[in-house]
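Notes to accompany the following structure.
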Amino acid sequence: MLDAAENASPVEAVEAVTRELGVALRARSIAFLIADLSGRALVRLAQVPLDGAGEGRRRDGGEAATVMPFDGGPAEQALRTQTVQVVARPDGWMVLAPVTDRGEAIGLLEMTLPDEPAPQVLEEIARTAHVLAYVVIANRRYTDLFEWGQRTTLFTLSGEIQRRLLPGSFTCEGSAFTLSGWLEPAASIGGDTFDYSLARDVLHFSVTDAMGHGVASALTATLGVGSLRNSRRRGVGLTGQADAANTDVAEHAGVSGSYVTAVLGRLDLRTGVCALLNAGHVPPLLVRDGDTRALSLPANFPLGMFAEADYRAGEVTLRPGDRLVVVTDGMRERNAASLDLPTMLRSITGLHPREAVRALADAVLEVSGPTLADDATLFILDWHGGHSEDRRTSAGADQARASTALPD
């Protein structure tokens with residue numbers, strides 16, 4: 001299968017891999033469903049009929065994609081619970097297997113088999129779906145196909161800029177932690193971002209909100225995120241990162257008075273000690289033992305507001321079972337302020353962070369949507385402890401935490 005992927009063009013790599021699997025299992029059809037960027041649908045991006053239908057067809061250079069909104073059915077359950085689903089159909093047995101890597105739910109592998117699959121066949125399909133995740137990750141560097149398939153709505157220029165500032169994966173699972181971020185964009189992009197980077201014994205993360213809307217806000221956000229990444233990659237500490245970003249935004253932002261609010265974090269994976277710096281941002285929240293409280297941190301000016309500002313950080317020692325939550329003011333403004341965030345956070349403590357951020361985003365849309373006045377961004381970090389211990393995974397997902405209960 002890997003040879004097939006390497007020999008094919010990046011655009012056809014997924015089809016090449018799925019075709020190999022389909023032939024080996026005598027499948028009638030096989031398809032790759034990619035997760036839509038909205039988090040509320042799947043998109044059938046590549047379908048390979050293997051029963052003779054479509055033989056001899058030629059590509060005309062066009063691509064086809066079928067949007068499949070979540071409806072609570074087997075496809076949604078397979079993706080959200082990270083479990084293989086088997087469904088009896090008139091034309092055979094449909095198998096839906098998560099395509100996942102380190103907790104990032106990339107999509108599903110869907111196939112129709114003539115006979116009910118045995119347990120060992122399902123295990124092989126699950127393993128192949130995991131391989132398919134690596135094929136997608138490797139080949140999406142070379143083509144817009146996968147990004148195009150994930151976009152069911154057109155992006156504005158500011159939206160395109162903002163998209164490039166986000167991490168390549170919104171979810172990451174480690175032995176000691178699980179994290180996930182989500183950005184629900186406003187009609188006019190509000191300049192929100194989240195970011196993270198994992199070192200050997202340290203996890204860096206940030207949530208930022210650039211002043212204003214549209215392209216100007218997206219460009220200010222680019223300055224802030226670019227500066228933070230640059231200093232982080234040079235080994236600069238948390239306050240040094242804030243100092244550098246403050247200077248860079250103040251010096252280079254094209255709009256007078258531009259600034260970026262931010263929460264910067266540095267988590268020691270060996271001890272659970274988390275340094276946090278709040279630069280004029282909504283205070284982070286800690287969910288511990290069923291209680292939710294805002295963390296009291298030293299007050300700092302937003303990045304870029306005053307070029308000579310000094311920055312101070314605070315810290316909290318996380319305990320196993322703690323959940324750290326960082327949001328932007330789009331979660332608290334206007335109608336969104338009616339959302340009882342502490343109560344909501346307590347009600348979803350059992351959800352994997354990947355599902356928790358989407359549940360919160362859905363709640364904000366319910367009270368403020370369908371069009372938001374400001375970006376609403378969320379970042380959730382669960383602390384498990386036990387750094388460097390082996391994870392218990394199956395086909396790319398941490399099985400100790402993947403199949404948590406879904407909200408009604």
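Remember, it's a predicted structure, so these values are computed and weren't measured experimentally.
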Discussion item. Quick check on Gln120: does its CD atom have over 12 non-hydrogen neighbours (other residues, nucleotides or ligands) under 6.0 Å away?
Written reply: yes

Item to complete: Examine Arg151 relative to Phe155 and say whether NZ or CZ is less than 6.0 Å from the centre of the six-membered ring and inside a 45° cone about the ring axis.
Response: yes

Worksheet item: When the ring planes of Tyr196 and Phe379 are compared, do they come out parallel, tilted or perpendicular, using 30° and 60° as the limits?
Response: tilted

Pair [X] + [Y]: basic N to acidic O under 4.0 Å:
| X | Y | value |
| --- | --- | --- |
| Glu104 | Arg354 | no |
| Arg102 | Asp398 | no |
| Glu315 | Arg266 | no |

Item to complete: Identify the residue among Phe306, Tyr311, Tyr259 that makes a ring-ring contact (aromatic ring centres under 6.0 Å, His included) with Phe301.
Response: Phe306

Within the side chain of [X], is there an N or O that forms a donor-acceptor pair under 3.5 Å with the backbone of [Y]?
| X | Y | value |
| --- | --- | --- |
| Thr393 | Gly396 | no |
| Asn246 | Ala242 | no |
| Asp375 | Gly191 | yes |
| Arg141 | Ala138 | yes |
| Gln241 | Val236 | yes |
| Thr220 | Ala216 | yes |

Discussion item. Applying salt bridge (Lys or Arg N to Asp or Glu O under 4.0 Å) to Arg28 and Asp91, what does each step give before you reach the verdict?
Written reply: CA-CA 9 Å; Arg28 290 176 174 166; Asp91 58 342; 5.8 Å; no

Grab the two heavy atoms, one from [X] and one from [Y], that are nearest each other, plus how far apart they are.
| X | Y | result |
| --- | --- | --- |
| Asn300 | Asn278 | ND2-O, 3.0 Å |
| Asn139 | Val135 | ND2-O, 2.8 Å |
| Gly280 | Thr261 | O-CG2, 3.3 Å |

Worksheet, complete the sentence: Which of Thr193, Asp192, Asp209 passes side chain to side chain donor-acceptor pair (under 3.5 Å) with Thr328? It is Asp192

Worksheet item: From Ile380 CD1 over to Thr171 OG1, what is the distance, rounded to the nearest 0.5 angstrom?
Response: 10.0 Å

Discussion item. Working to the nearest 0.5 angstrom, can you tell me the gap between Leu303 CG and Met211 CE?
Written reply: 13.5 Å

